[in-house]
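Worksheet: the structure to be examined is printed underneath.
The first residue in the sequence is number 1, and the count goes up from there.
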Amino acid sequence: MENLEETLDKIEVFQMAYKFADAANRKDGEMFQCLWDHQEAEWAIGPPINVSFSGREQMGTSLVHMLNRWEFFVQMVSGGVVEIHSTRAYARFYVHEVANARGGGGNNNLSMYEDELVKREGLWFFTKRTYHTVFQSAERQAGEVIAVPEIPTWIREASLASRQ
């Protein structure tokens with residue numbers, strides 16, 4: 001049986017996966033960067049893309065650069081498993097991504113993230129995220145692209161301030 005602190009930590013780790021997807025969906029590099037640890041930060045994207053990034057400072061710029069090639073991009077987080085070991089967490093999250101490329105073609109992915117996180121001064125941060133594609137289709141999505149709405153400035157600023 002879990003204690004209350006471990007349950008709350010698991011909820012926070014789930015929130016990290018949701019915040020990651022939200023920052024990606026809004027192409028918010030600054031918010032994305034705040035999710036990563038200052039001391040350890042590695043983001044690896046496996047086949048068929050095969051790229052990796054390291055260092056918190058690089059994360060936000062890398063995300064925006066990658067996502068700017070898409071006319072639209074949406075990542076949805078579904079199930080996950082979280083294990084807490086003191087100030088370290090290990091998790092697996094399954095994601096579905098849908099996107100259209102600016103020059104034609106598209107993307108429909110089913111994937112899994114393997115995560116490592118650390119808790120510093122009461123906050124969880126990603127130290128490592130490894131992305132594994134399970135299924136991918138490059139077909140363009142039919143339909144109309146409607147921009148993701150902006151979040152209110154005060155909410156965004158409060159979120160950023162709490163993660164600095």
Inset, instruction - Step by step, work out the side chain to side chain donor-acceptor pair (under 3.5 Å) result for Gln136 and Asn107. - result: CA-CA 7 Å; Gln136 182 174 26; Asn107 188 45; 2.9 Å; yes
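Under the 4.5 Å side-chain contact rule for hydrophobic residues, Leu8 and Tyr18 do not share a cluster. When the side chains of ILVMFWY residues are joined at heavy-atom separations under 4.5 Å, either directly or via intervening members, Phe72 and Val148 end up in two distinct hydrophobic clusters. Placement of Met112 and Phe73 in two distinct hydrophobic clusters is found when ILVMFWY residues are connected by side-chain heavy-atom separations under 4.5 Å, directly or transitively. A continuous path of Ile, Leu, Val, Met, Phe, Trp and Tyr side chains, each step under 4.5 Å between heavy atoms, connects Val95 with Trp70, placing both in one hydrophobic cluster. Hydrophobic clustering of Ile, Leu, Val, Met, Phe, Trp and Tyr side chains at less than 4.5 Å, counting indirect connections, unites Ile45 with Met59.
Checked against a 6.0 Å centroid threshold, the rings of Phe53 and Trp36 do not count as neighbours.
Side-chain atoms of His132 and Ser111, non-hydrogen and from C-beta on, never get closer than 4.5 Å to each other. Between Glu97 and Val74, every side-chain heavy-atom pair lies at or beyond the 4.5 Å cut-off. Using a 4.5 Å cut-off on side-chain heavy atoms (C-beta onward), Val64 and Phe32 make no contact. The shortest distance between side-chain heavy atoms of Met76 and Asn25 does not fall below 4.5 Å. Between Thr133 and Pro47, every side-chain heavy-atom pair lies at or beyond the 4.5 Å cut-off. Residues Gln141 and Asn108 have side chains in contact (heavy-atom distance under 4.5 Å, counting atoms from C-beta outward). Counting only heavy atoms from C-beta outward, the side chains of Arg156 and Glu150 never approach each other to under 4.5 Å. Using a 4.5 Å heavy-atom threshold, the side chains of Val82 and Phe93 count as touching.
Ring geometry, Phe126 versus Phe20: the interplanar angle exceeds 60°, so the pair is classed perpendicular (tilted spans 30 to 60°).
We find the CD-CG distance between Glu30 and Leu63 to be 12.5 Å, quoted to the nearest 0.5 Å.
With sequence neighbours left out, Tyr131 forms a ring-ring contact (aromatic ring centres under 6.0 Å, His included) with Tyr113. Applying the salt bridge (charged side-chain N to carboxylate O under 4.0 Å, His left out) rule to Glu57 yields no partners; only residues at least two apart in sequence or on another chain are considered. Under the salt bridge (charged side-chain N to carboxylate O under 4.0 Å, His left out) criterion, Arg26 pairs with Asp22, Asp28, sequence neighbours left out. Shown here are the salt bridge (charged side-chain N to carboxylate O under 4.0 Å, His left out) partners of Lys27, two or more places apart in sequence or in another chain: there are none.
Checked for salt-bridge contact, Arg56 and Glu42 miss the test: no charged N lies under 4.0 Å from a carboxylate O. Salt-bridge annotation for Lys128 and Glu114: absent, with no side-chain N of the basic residue lying under 4.0 Å from a carboxylate O of the acidic one.
Smallest separation of non-hydrogen atoms from Ser52 and Ala44: CB-CA, 4.0 Å. Heavy-atom minimum distance, Gln33 versus Gly60: CB-N, 4.0 Å. Heavy atoms only, all atoms of each residue included: Ala89 and Ile84 are closest at CB-CD1, 3.8 Å.
Looking at Gln58, its side chain does come within 3.5 Å of a backbone N or O of Ser54 through a donor-acceptor pair. Panel note: side chain Asn3, backbone Glu5; a donor-acceptor pair is recorded below 3.5 Å. Listed for the Thr127 side chain is a donor-acceptor partner under 3.5 Å among the backbone atoms of Glu116.
Among residues at least two apart or in separate chains, side-chain hydrogen bond (donor to acceptor under 3.5 Å, both in side chains) pairs with a member in residues 76-93 are Glu40-Arg88.
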Please tabulate, for the side chains in residues 9-17, all donor-acceptor contacts under 3.5 angstrom to protein atoms that are two or more places apart in sequence or on a different chain.
{"from": "Asp9", "atom 1": "OD1", "to": "Lys119", "atom 2": "NZ", "distance (Å)": "2.8"}
{"from": "Asp9", "atom 1": "OD1", "to": "Trp124", "atom 2": "NE1", "distance (Å)": "3.3"}
{"from": "Lys10", "atom 1": "NZ", "to": "Glu2", "atom 2": "OE2", "distance (Å)": "2.4"}

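Other residues, nucleotides and ligands place no more than 12 heavy atoms under 6.0 Å from the NE2 atom of His65.
Note that Arg120 lies outside the cation-pi zone of Phe125, set by a 6.0 Å cut-off to the ring centre and a 45° limit from the axis.
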